Asker: 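Please find one structure pasted underneath; my questions will follow.
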Amino acid sequence: MAGVEKQTLTRKEIIHQKFGVKAIYRIEEVHVSSNECLYRCHLQLPEFSVVSNVFKKKKDSEQSAAELALEKLGIQSQDDDDDDITVDEAWNDIVERIKYIFSDEFLSADHPLGGHLRAALQRDGERRGSLPVSVIATFDAKINSRCKVIDPSVGSDPSLLMSYVMKAAAKLPDYIVVSPHVDSLRRKKPYPPAIIKALATHVKSIKVEAVHIQCTVGGEEVVKPVTLDISSGRYYLDIIAEKLGLKDGSQVMISRTIGKTSSGYECRVYAAMPKLKYFDNSWKAREKRPINESSHLEKSRNAKASFVCGLDIHGDAIVASVGYPWRSHELEHDGVTLKSFYRICCGMSPNGIYKLSREAIIAAQLPFSFTTKSTWRGPFPREILCMFCRQQQLAEPIFTLSTAPVKPMSCILRSYQKLKDSESDDSEYRYVSKGKKETPESGTGYRCEVKILSKSQDLVLDCSSKKFYEKENHAIQNASLDALSWLSRLFDEGDVDPLQTCYTSEHLDMVFQQRILMKEAVPRGHFRNIDERNEYEDQIRIQSITKGSLVSICYSVYLDVDADFSSDGKSKKELIESNEEIEFEVGNGSMNPHLESVVTQLAVGQYARFLTDAPAEDLFVTAATGTQRDRSDIAGFEYCVRLLGVKGPTEKQIEADFFKPSLSKQRLEYVVKHIKESSASTLVDFGCGSGSLLASLLDYPTSLQTIAGVGISQKGLARAAKRLHSKLNKGACNLKSIILYEGSILKFDSRLHDIDIGTCLEVPFYFLASFLHQQLL
């Protein structure tokens, strides 16, 4: 019907249409600080479940979870505005946007492009008023989004995006002067003098610290500090161009934001921009791309600069924090030191993200296992993986949970000997199944698949653990950690073949395509401790602190400078890193192996000093407090460490290490077995506490009609009532009544009569012995 607007369903509405009440949303609060709370949504569907990322609003987390579910189902949502725009409409929008950018009104706008335009009007000669096309392509979001409608690959190919801008500007011959030889645009009709005079401001000369990445032929790049002397009235891109040996700012390519300085200002990479040949409208029909002359540049590829910004950089590059911000006409700037540059590089890898978050570049490293939330320190693996994906301009990771079937204890006991005989070599991986999707533990187990896609939905990583976990969160965190460990090996060691898809089968089902993540292998040796864990695994030493313990230490790390390189001819110590108090979990790889080797042999209050070789230059410059030295100057590292305290592993951790399945599950299976054998209809749990046993019994089909709990704590009974009420609301059961009594197991209770089975689990033995003694009397 004419005039009727097409209604677009939200992602959540699409899920509701398909599944109705079978789609269950559960909101989880994520406390990032005492004053801030974020939300994560768990969406349970009949066949699978998904978990959203964290958001400030509950409804956003629900929509994100619904979107992930739709992707898993292969259903496309239709709520993106760009999806309804045709290619011709996108071209028209770009043309109109360029015309508006060069209007009188936009010149005074509080927009980064407004600042560049005002600065361009201060340029001399024929460059006056010329705006580099790279500036428009970098700072205008609408032009970026419309170019992606024309070709989604422009997100990873800025030279193609700039070609589209130039082509669109050429459609305004009466308004815009296109300068193809210098890759810039200029308004044909001059701006009114009154407007220029009103916007004219006196800019003071400034000096900006930056980092110069010099490209050498056949060798490693040289990273040196450089000063940008931006004098009054000069365009800062022209100054950068001079440092790079270019004619002017129109030849400078600007990267996306790669990180921030210590003061929070954005950093970008500036390098030579490739020149593009123009093309006609028929290239897409011929399935050809415009020819990019940069593919045959004579200058060598700058691997370090390319790694940092994700672009193919040839020749020298400069990393600087300078530009025009939103809502200000002033040129904003901050110094980029070698330390801040290397910290940005460090933050590119999962291992580096963890090190920076702990503020322990030398002492900390990404753990290889996740045990419990209570002992984990730093951001959780899931959050680190999300941070990594954002840093690498990838789509948010997709988490999909699957469950294992319930296996009764009797089945496990019967098959235990066969399992022991046939898979004795795999005893270390008791949860690992070879090929079959099942778990040797009773109850329901969770397994998580992590999938990482590019912005254009190309597969980067598909990681599915073969291991099952008792809790959903443990499955998600460990699957995230598996993916992070794999990516860390790539970034820190650089030993994965970029031309091959990689598979592993030991305890992961994994597919990884490196060429989607980056064009070439990343440089080797980035932010990897020279310490090798294998050196210490084979050494026999006496540990006074057990695995799973939480240790608190204070430490300092000094740089030993060789006397030959010291100004006074004497060896010196320079402080690199220190921490007055920091906690690490023992045995999960979160601590530098050298440090853990020493700490685990100390008693509380003891102090130790030891020497090690120095790690890679990138690592100690990242940690250094102003130190700028070549690695050849350094004799090694000196550690000074004191053990402040130790918290032993919890009973739950010890139980998990020694009992498979856990004792609580074994007790539960034992109770269920006797209920079924006796066909009991009534049960009372003495010392029910918070109702864990009673609530667990609701998950099993039994002959019980009435269950009761006796507890001495009113708070415990209140928690039990809340837990049981919540469980009953989730699903139906055969029980007719559930009764909770306040009372002591040491006293006779006339209310408890005609009971078929009585349980008394996890009650201190001396209470139980006293109770039995009274009953016998």
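The model shown is predicted, which means the values in this text are computed figures rather than measured ones. Positions are given from 1, in the same order as the sequence printed here. Side-chain atoms are counted along with the backbone in the values below, which use heavy atoms only and exclude waters and symmetry mates.
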Asker: Looking at residues at least two apart in the chain, or sitting in another chain, which of them share a side chain to side chain donor-acceptor pair (under 3.5 Å) with Ser690?
Answerer: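 Ser690 satisfies side chain to side chain donor-acceptor pair (under 3.5 Å) with no residue once adjacent residues are dropped.
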Asker: Could you go through the side-chain hydrogen bond (donor to acceptor under 3.5 Å, both in side chains) check for Ser369 and Asn588 one step at a time?
Answerer: CA-CA 5 Å; Ser369 67; Asn588 74 336; 5.0 Å; no
Asker: Mind checking whether Leu752 and Phe686 have side chains closer than 4.5 Å, heavy atoms only?
Answerer: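 Leu752 reaches Phe686 side chain to side chain.
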Asker: Write down the atom of Glu596, the atom of Thr600, and the distance for their closest heavy-atom approach.
Answerer: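 Between these two residues, the closest heavy atoms are O-OG1, 2.8 Å.
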Asker: Drop me the distance from Lys547's NZ to Thr371's OG1, to the nearest 0.5 angstrom.
Answerer: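 The NZ atom of Lys547 sits 9.0 Å away from the OG1 atom of Thr371.
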Asker: Could you report the tightest heavy-atom contact between Tyr39 and Lys58, atom names first, then the distance?
Answerer: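 Minimum heavy-atom separation between Tyr39 and Lys58: CE2-CE, 3.4 Å.
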Asker: Identify the residue among Arg26, Arg447, Arg382 that makes a salt bridge (charged side-chain N to carboxylate O under 4.0 Å, His left out) with Glu472.
Answerer: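 Exactly one option meets the salt bridge (charged side-chain N to carboxylate O under 4.0 Å, His left out) with Glu472, and it is Arg26.
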Asker: Within the structure provided, determine whether Leu683 and Val671 are in side-chain contact (heavy-atom separation under 4.5 Å).
Answerer: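 Side chain of Leu683 against side chain of Val671, heavy atoms only: contact under 4.5 Å found.
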Asker: Please say whether more than 12 non-hydrogen atoms of neighbouring residues, nucleotides or ligands are located less than 6.0 Å from CD in Gln714.
Answerer: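 No, CD of Gln714 has 12 or fewer neighbouring heavy atoms, counting only those of other groups under 6.0 Å.
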Asker: Please give me the minimum heavy-atom distance between Thr372 and Thr375, naming the atom from each residue.
Answerer: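 Looking at all heavy atoms of both residues, the closest pair is OG1-OG1, 2.9 Å.
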Asker: Using atom types as modelled and distance alone, determine if a side-chain donor or acceptor of Arg358 lies under 3.5 Å from a backbone N or O of Gln365.
Answerer: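 Checking the backbone N and O of Gln365 against the side chain of Arg358, no donor-acceptor pair under 3.5 Å is found.
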Asker: Are any of the side-chain heavy atoms of Val599 and Phe584 separated by less than 4.5 Å?
Answerer: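 Not touching, per the 4.5 Å side-chain cut-off.
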Asker: Report yes or no: does Gln705 contribute a side-chain atom to a donor-acceptor pair with the main-chain N or O of Ser737 at less than 3.5 Å?
Answerer: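 A pair under 3.5 Å: no.
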Asker: Do side-chain atoms of Ser726 reach the backbone of Arg723 as a donor and acceptor pair under 3.5 angstrom?
Answerer: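 Looks like no, no N/O pair under 3.5 Å.
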Asker: Would you say the side chain of Tyr25 lies within less than 4.5 Å of the side chain of Ile15, judging by non-hydrogen atoms?
Answerer: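 Sidechains of Tyr25 and Ile15: in contact.
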Asker: Is the backbone of Ser681 close enough, under 3.5 Å, to the side chain of Ser703 for a donor and an acceptor to pair up by distance?
Answerer: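 Flag not set: sc Ser703 to bb Ser681 has no pair under 3.5 Å.
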Asker: Between Glu396 and Arg390, does any NZ, NE, NH1 or NH2 come within less than 4.0 Å of an OD or OE carboxylate oxygen?
Answerer: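 Counted as a salt bridge, because a side-chain N and a carboxylate O are separated by less than 4.0 Å.
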Asker: Quick one: do Lys676 and Val672 satisfy side-chain contact (heavy atoms from CB on, under 4.5 Å)? Show the steps, please.
Answerer: CA-CA 6 Å; Lys676 291 182 177 180; Val672 172; 3.8 Å; yes
Asker: If every non-hydrogen atom of Cys389 is compared with every non-hydrogen atom of Ile452, which pair is closest and at what distance?
Answerer: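 Smallest heavy-atom distance, with atoms named: SG-CG2, 3.9 Å.
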Asker: Ile476 pairs by side-chain contact (heavy atoms from CB on, under 4.5 Å) with which of Leu401, Thr400, Leu385, Leu481?
Answerer: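 Looking at Leu401, Thr400, Leu385, Leu481, the match for Ile476 under the side-chain contact (heavy atoms from CB on, under 4.5 Å) is Leu401.
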Asker: Could you please spell out the steps behind the side-chain contact (heavy atoms from CB on, under 4.5 Å) verdict for Leu550 and Arg377?
Answerer: CA-CA 10 Å; Leu550 201 62; Arg377 294 297 180 264; 2.9 Å; yes
Asker: Below 4.5 Å, heavy atoms only, C-beta onward: do Phe55 and Gln63 meet side chain to side chain?
Answerer: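 They are not in side-chain contact.
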Asker: Return the minimal non-hydrogen interatomic distance between Ala479 and Val450, and the atom names on each side.
Answerer: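 Scanning both residues, the minimum pair turns out to be CB-CG2, 3.7 Å.
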Asker: Assess the pair Phe370 and His474: is the distance between their ring centroids shorter than 6.0 Å?
Answerer: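 Close enough - the centres of the two rings lie under 6.0 Å apart.
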Asker: Counting distance only, does the side-chain N/O of Asn351 pair as donor-acceptor with the main-chain N or O of Leu366 below 3.5 Å?
Answerer: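 Yes; judged by distance alone, with no hydrogens or angles, the pair exists.
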Asker: One pair to check against side-chain contact (heavy atoms from CB on, under 4.5 Å): Ser480 and Ile384. What are the steps and the verdict?
Answerer: CA-CA 8 Å; Ser480 300; Ile384 297 175; over 6 Å; no
Asker: Is Ser357 reaching over with its side chain to a backbone N or O of Tyr354, donor-acceptor style, under 3.5 angstrom?
Answerer: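 Indeed, once roles are kept as given, a pair shorter than 3.5 Å links the two residues.
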Asker: Just so I know, are the side chains of Ile757 and Leu704 near enough to count as touching, which here means a heavy-atom distance under 4.5 Å?
Answerer: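 Side chain of Ile757 against side chain of Leu704, heavy atoms only: no contact under 4.5 Å found.
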Asker: Measure the CG-CG distance between Asp458 and Leu453 for me, rounded to the nearest 0.5 Å.
Answerer: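 Those atoms lie 8.0 Å apart.
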Asker: I need the Leu45 CG to Lys22 NZ distance, nearest 0.5 Å.
Answerer: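 These two atoms lie 11.0 Å from each other.
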Asker: Give a yes or no on whether the backbone of Leu644 and the side-chain of Ser552 come within a donor-acceptor separation of less than 3.5 Å.
Answerer: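 Flag not set: sc Ser552 to bb Leu644 has no pair under 3.5 Å.
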Asker: Compare all side-chain heavy atoms of Leu728 with those of Ile738 and state whether any distance is below 4.5 angstrom.
Answerer: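 Result yes, sub-4.5 Å side-chain heavy-atom pair found.
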Asker: Apply side-chain contact (heavy atoms from CB on, under 4.5 Å) to residues Val684 and Tyr741 and explain how you reach the verdict.
Answerer: CA-CA 10 Å; Val684 61; Tyr741 296 110; 5.7 Å; no
Asker: Atom CG in Leu697, atom CG in Leu735: separation rounded to 0.5 Å?
Answerer: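 It is 8.5 Å, given to the nearest 0.5 Å.
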Asker: Just verifying a value: how many Å separate Glu67 CD and Ser52 OG, rounded to the nearest 0.5 Å?
Answerer: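 That separation rounds to 10.5 Å.
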Asker: Which heavy atom in Ala23 sits nearest to a heavy atom in Leu43, and how many Å separate them?
Answerer: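 In this case the closest contact between Ala23 and Leu43 is CB-CD1, 4.2 Å.
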Asker: Applying side chain to side chain donor-acceptor pair (under 3.5 Å), can you list everything that pairs with Ser696, at least two apart in sequence or on another chain?
Answerer: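 Listed in chain order: nothing, the list is empty.
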Asker: List the residues meeting side chain to side chain donor-acceptor pair (under 3.5 Å) with Ser678, not counting sequence neighbours, and say none if there are none.
Answerer: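 Ser678 satisfies side chain to side chain donor-acceptor pair (under 3.5 Å) with no residue once adjacent residues are dropped.
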Asker: Look at atom CD1 of Ile712 and say whether more than 12 heavy atoms of other residues, nucleotides or ligands are closer to it than 6.0 Å.
Answerer: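 No.
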Asker: Heavy-atom distance under 4.5 Å between the side chains of Leu484 and Ile353, does that happen here?
Answerer: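 Not touching, per the 4.5 Å side-chain cut-off.
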Asker: In sequence, state the C-alpha distance, the side-chain angles, and the governing distance for Thr682 and Thr706, and then conclude on side-chain hydrogen bond (donor to acceptor under 3.5 Å, both in side chains).
Answerer: CA-CA 5 Å; Thr682 56; Thr706 301; over 6 Å; no
Asker: Rounded at 0.5 Å granularity, tell me how far NZ in Lys647 sits from OG in Ser549.
Answerer: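 The OG atom of Ser549 is 11.5 Å from NZ of Lys647, to the nearest 0.5 Å.
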